[in-house]
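See structure below.
Values below: every heavy atom of this structure, side chains too, minus hydrogens, waters and symmetry copies.
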Amino acid sequence: MAEASWYVVHTYSGYENKVKANIEKTIENRHLEEEILEVRVPMQDVVELKNGARKTVQKKMFPGYVLINMVMNDDTWYVVRNTRGVTGFVGPGSKPVPLSEAEMKPLGIKTENISVDFAEGDTIAVVAGVWKDTIGAVQKMDYGKQTATINVELFGRETPVEISFAEVRKMS
């Protein structure tokens, strides 16, 4: 299988989240989960001052653009290119150009793959982050996002929580 890369798609301004939702729906309907791995609208926290009050809000880093981690082939190109709200891929002519490592680093997109010694059904301990010192059984693994989903007891009921591979270790 070909290697997945990050591509930039140009959209109508203000349609970024709608395009993301449409592409994710198409991925589900056409079973392209193995070819189109992730769709992102990069956001950043911005502090605004309104009426003397400081307020942190999330704003789009690149209005009019959506990032897609996918394996480029005729099917995936067609699906993305013909999504409502998409005007095209970023690149010379009609040829999409993947982002380089240097271009992706400031976006906070990790490219290195973390190898893990646990699988679905194993019990893991969270060693960092918000859920530190939590123990749970792995329900689902997402190698594209580098996350594991575990069930955590929250307010007396089991709640699924997605945790980065870097924040967990296998219980011996």
Side-chain angles (χ1 to χ4, degrees), residues 1-50 54-116 120 128-131 138-150 160-168:
M1 188 171 122
E3 187 73 23
S5 298
W6 285 92
Y7 294 89
V8 180
V9 175
H10 190 263
T11 67
Y12 295 128
S13 189
Y15 279 71
E16 301 88 353
N17 292 327
K18 199 170 282 187
V19 166
K20 178 182 190 273
N22 288 343
I23 291 173
E24 287 173 344
K25 187 58 128 179
T26 305
I27 292 168
E28 193 179 311
N29 291 342
R30 293 192 180 200
H31 304 291
L32 295 171
E33 292 89 352
E34 298 296 315
E35 294 173 329
I36 302 176
L37 306 175
E38 191 176 351
V39 182
R40 277 194 188 181
V41 178
M43 304 291 269
Q44 64 185 353
D45 289 330
V46 177
V47 177
E48 287 184 344
L49 198 60
K50 278 192 179 173
R54 294 170 66 91
K55 185 177 174 185
T56 304
V57 294
Q58 284 211 315
K59 293 216 172 178
K60 295 178 183 88
M61 288 174 90
F62 310 109
Y65 295 94
V66 174
L67 301 178
I68 302 178
N69 187 12
M70 66 184 221
V71 176
M72 183 58 70
N73 60 35
D74 290 343
D75 289 343
T76 57
W77 181 88
Y78 181 84
V79 163
V80 173
R81 185 66 187 87
N82 291 295
T83 300
R84 183 187 302 248
V86 170
T87 59
F89 281 93
V90 172
S94 62
K95 187 179 187 301
V97 177
L99 290 174
S100 68
E101 294 276 336
E103 292 169 324
M104 290 168 34
K105 198 167 191 150
L107 302 177
I109 299 171
K110 298 182 189 89
T111 56
E112 74 277 355
N113 285 340
I114 300 170
S115 62
V116 291
E120 289 182 18
V130 181
W131 298 100
V138 178
Q139 304 299 315
K140 190 172 98 183
M141 305 272 288
D142 187 333
Y143 292 97
K145 289 185 185 174
Q146 301 276 309
T147 59
T149 302
I150 64 170
V161 175
E162 197 174 65
I163 298 179
S164 168
F165 285 168
E167 297 177 347
V168 298

For [X] and [Y], work out which heavy atoms get closest and say how close.
X: Glu162; Y: Thr149; value: CG-OG1, 4.1 Å
X: Met70; Y: Ile36; value: CB-CA, 3.9 Å
X: Leu37; Y: Ala4; value: CD1-CB, 3.6 Å
X: Val71; Y: Glu34; value: CG2-O, 4.4 Å

### Steps toward ring pair (Phe, Tyr, Trp, His ring centres under 6.0 Å) verdict (Phe89, His10)
CA-CA 6 Å; Phe89 281 93; His10 190 263; over 10 Å; no
Which distance, rounded to the nearest 0.5 Å, do you find between the [atom1] of [X] and the [atom2] of [Y]?
X: Asp75; Y: Glu35; atom1: CG; atom2: CD; value: 6.0 Å
X: Met61; Y: Arg40; atom1: CE; atom2: CZ; value: 10.5 Å
X: Tyr12; Y: Lys18; atom1: OH; atom2: NZ; value: 12.5 Å
X: Thr83; Y: Ile68; atom1: OG1; atom2: CD1; value: 7.0 Å

Are any side-chain N or O atoms of [X] and backbone N or O atoms of [Y], one a donor and one an acceptor, separated by less than 3.5 Å?
X: Thr11; Y: Val86; result: no
X: Gln139; Y: Ile150; result: no
X: Arg81; Y: Thr87; result: yes

### Name of the residue among Val39, Asn22, Val80 meeting side chain to side chain contact (heavy atoms under 4.5 Å, CB included) with Ile27
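Of the listed options, the one satisfying the test is Val39.
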### Query
Would you call Glu24-Lys20 a salt bridge at under 4.0 Å N-O?
yes
### Task
Return the set of residues passing ring-ring contact (aromatic ring centres under 6.0 Å, His included) with Tyr7 (not counting sequence neighbours), or none when no residue passes.
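For Tyr7, no residue satisfies ring-ring contact (aromatic ring centres under 6.0 Å, His included) once neighbours in sequence are set aside.
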### Task
Determine, stepwise, if the pair Val9 / Val90 fulfils side-chain contact (heavy atoms from CB on, under 4.5 Å).
CA-CA 6 Å; Val9 175; Val90 172; over 6 Å; no
### side-chain contact (heavy atoms from CB on, under 4.5 Å) between Val138 and Val168, worked out
CA-CA 11 Å; Val138 178; Val168 298; over 6 Å; no
### Query
If we only count heavy atoms from C-beta on, is the Met43 to Val41 side-chain gap below 4.5 Å?
yes
#### Entry: salt bridge (charged side-chain N to carboxylate O under 4.0 Å, His left out) partner of Glu48, the single match among Lys59, Arg54, Lys55
Lys59
### Task
Would you tell me whether Asn29 and Thr26 have side-chain atoms, one donor and one acceptor, within less than 3.5 Å of each other?
no
### Message
A quick test of your reading: do over 12 heavy atoms of other residues, nucleotides or ligands sit less than 6.0 Å from NZ of Lys60?
### Response
yes
